[in-house]
Amino acid sequence: MIGSRRLIGHVRASARYPTYVIPLRQLRLTKSYKTPFMAPIPRTPLHQAIRCLSTATPSTSALEAAKHAASLRAVQTHYHPSMRYVGIGSGSTIAHVVSALSSLPSGAANTTFIPTGFQSRQLLLSAGLRVSAIDEVPPYAVDVAFDGADEVDPYRNCIKGGGACLLLEKLISPALGTTYTRGIPIEILSISLPYVLAGLKGLNLQPELRMGGSAKAGPCITDNGNFVVDAKFPAGYKGCAEDEAKRLDCSENVMQLAKVLNGIVGVVEHGLFSQVDKKPEVVYFGMQDGQVQVLGPNCPGK
Ligand SMILES: O=C[C@H](O)[C@H](O)[C@H](O)COP(=O)(O)O
């Protein structure tokens, strides 16, 4: 499956376990959970994510166990020692993927891993795995990419970028959701901030510059030296589809929004991984009961 990628996901620590995954439009209006994924590849891409089924806030250990189970399943299903290049996303779920890869009985001596940021590079190096950079391998040479996701909808559209690593993740992975509490992460050129904010407000989104938090005065700076703006969906947001018919198709709606975001000058990349921008082929959800659920091409969405 040329052009697709693989992805694995899980519910984030601060998230609530949803009872189901619903389309982006509805999710962002009604739910408050995050679903990470990981995933996959260049020629045979696929993404996987993890989902939990309860409204209770999961304990950290239950969450980590769910991430681990989904990661293990994804690696066992989609990694093969003969693979030459494998993309590795960023975030907490990826630590479980790297752990699963480094403990494979077959080893991974023939594979070079392509990280999407400082954190995943350090993880790979610490695990003794061979690392290279996206600009040191031929385009589209990645066999599969594993990554986490913040949210995933039934169509396998994803929101990513909670860790500000969306740009390189989109490069390695061909691959939305809910009420992503911070909105869609958008990496931008710092000098374009006023224009990007105006453009996003014009779409009726509620943009906010992400700050560095207690560890850094001023804005969050990505691995590429850029700013990140989180664009929230206001209550009752109907998307930016040109007509009602398109709004009826959630996947179409997401694709349209992705295209519009790409058209704003100053936007380097956004965290929507949709049909247009590399949505995952397969998503693995870690469940509270230890099971792993799979959302693939033959599942309800598409
Ligand atoms: O920028 C970060 C990435 O998109 C992460 O894959 C995403 O935020 C999920 O992260 P985590 O695995 O920590 O839930």
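- Under the 4.5 Å side-chain criterion, counting only non-hydrogen atoms from C-beta, His270 is not in contact with Pro185.
- Proximity of a side-chain donor or acceptor of Lys216 to a complementary backbone N or O of Pro219 within less than 3.5 Å is detected.
- Hydrophobic clustering, with ILVMFWY side chains joined whenever heavy atoms are under 4.5 angstrom apart, keeps Val268 apart from Leu193.
- Here the straight-line distance linking atom CD1 of Ile188 with atom OH of Tyr195 works out to 12.5 Å at 0.5 Å rounding.
- Using a 4.5 Å heavy-atom cutoff, the side chains of Leu205 and Leu261 are in contact.
- Here Thr112 contributes atom OG1 and Leu129 contributes atom CG; the two are 10.0 Å apart, rounded to the nearest 0.5 Å.
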Self-check item: Working for side chain to side chain donor-acceptor pair (under 3.5 Å), residues Glu64 and His96
Solution: CA-CA 8 Å; Glu64 293 307 314; His96 295 279; 2.6 Å; yes

Practice problem: Step by step, work out the salt bridge (Lys or Arg N to Asp or Glu O under 4.0 Å) result for Arg210 and Asp230. | Solution: CA-CA 6 Å; Arg210 190 184 296 185; Asp230 293 299; 2.8 Å; yes

Quiz item: After noting the C-alpha distance and the side-chain angles of Thr222 and Leu167, does the key distance pass the side chain to side chain contact (heavy atoms under 4.5 Å, CB included) rule?
Solution: CA-CA 9 Å; Thr222 70; Leu167 175 57; over 6 Å; no

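- Residues Pro115 and Val131 are in side-chain contact: their nearest non-hydrogen atoms beyond the backbone lie under 4.5 Å apart.
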Quiz item: How far apart are the C-alpha atoms of Ile184 and Ile186, what are their side-chain angles, what is the distance that settles it, and do they pass the side chain to side chain contact (heavy atoms under 4.5 Å, CB included) test?
Solution: CA-CA 6 Å; Ile184 303 170; Ile186 303 172; 4.2 Å; yes

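- Nearest approach of Ala164 to Cys220, heavy atoms of both residues: CB-SG, 4.1 Å.
- In terms of modelled atom types and a separation under 3.5 Å, the side chain of Ser132 and the main chain of Glu136 share no donor-acceptor contact.
- Counting only distance, with no hydrogens or angles, the side chain of Asn224 and the backbone of Asn226 share no donor-acceptor pair below 3.5 Å.
- Taken to the nearest 0.5 Å, the CG atom of Asn110 stands 8.0 Å off from the OG atom of Ser82.
- For the residue pair Thr111 and Tyr79, a side-chain donor N or O sits within less than 3.5 Å of a side-chain acceptor on the partner.
- The only member of Ile114, Val98, Leu123 that meets side chain to side chain contact (heavy atoms under 4.5 Å, CB included) when paired with Ile88 is Val98.
- The shortest non-hydrogen separation linking Val75 to Ala100 is CG2-CB, 4.0 Å.
- Atoms CG and CZ, from Leu209 and Phe227 in turn, are 6.0 Å apart once rounded to the nearest 0.5 Å.
- A donor-acceptor contact closer than 3.5 angstrom links the side chains of Thr116 and Ser90.
- Note on Met211 and Leu189: separate hydrophobic clusters, where clusters join Ile, Leu, Val, Met, Phe, Trp and Tyr whose side-chain heavy atoms are under 4.5 Å apart, directly or indirectly.
- The heavy-atom pair separating Ile264 from Gly199 by the smallest distance is CD1-C, 4.1 Å.
- Here NE2 of His78 is found 14.0 Å from NE2 of His80. Values are rounded to the nearest 0.5 Å.
- Within 6.0 Å of the CZ atom in Arg130, the count of heavy atoms belonging to other residues, nucleotides or ligands exceeds 12.
- Of all heavy-atom pairs spanning Phe113 and Leu101, the tightest one is CE2-CD1, 3.6 Å.
- Taking the side chain as every heavy atom from C-beta outward, Leu200 and Val229 approach each other to under 4.5 Å.
- When atom types are taken as modelled, the side chain of Arg73 and the backbone of Val294 share no donor-acceptor pair closer than 3.5 angstrom.
- Here the CG atom belonging to Leu168 is positioned 14.0 Å from the CZ atom belonging to Phe118, to the nearest 0.5 angstrom.
- In this structure a side-chain-to-backbone donor-acceptor pair under 3.5 Å is missing from Asp223 to Cys165.
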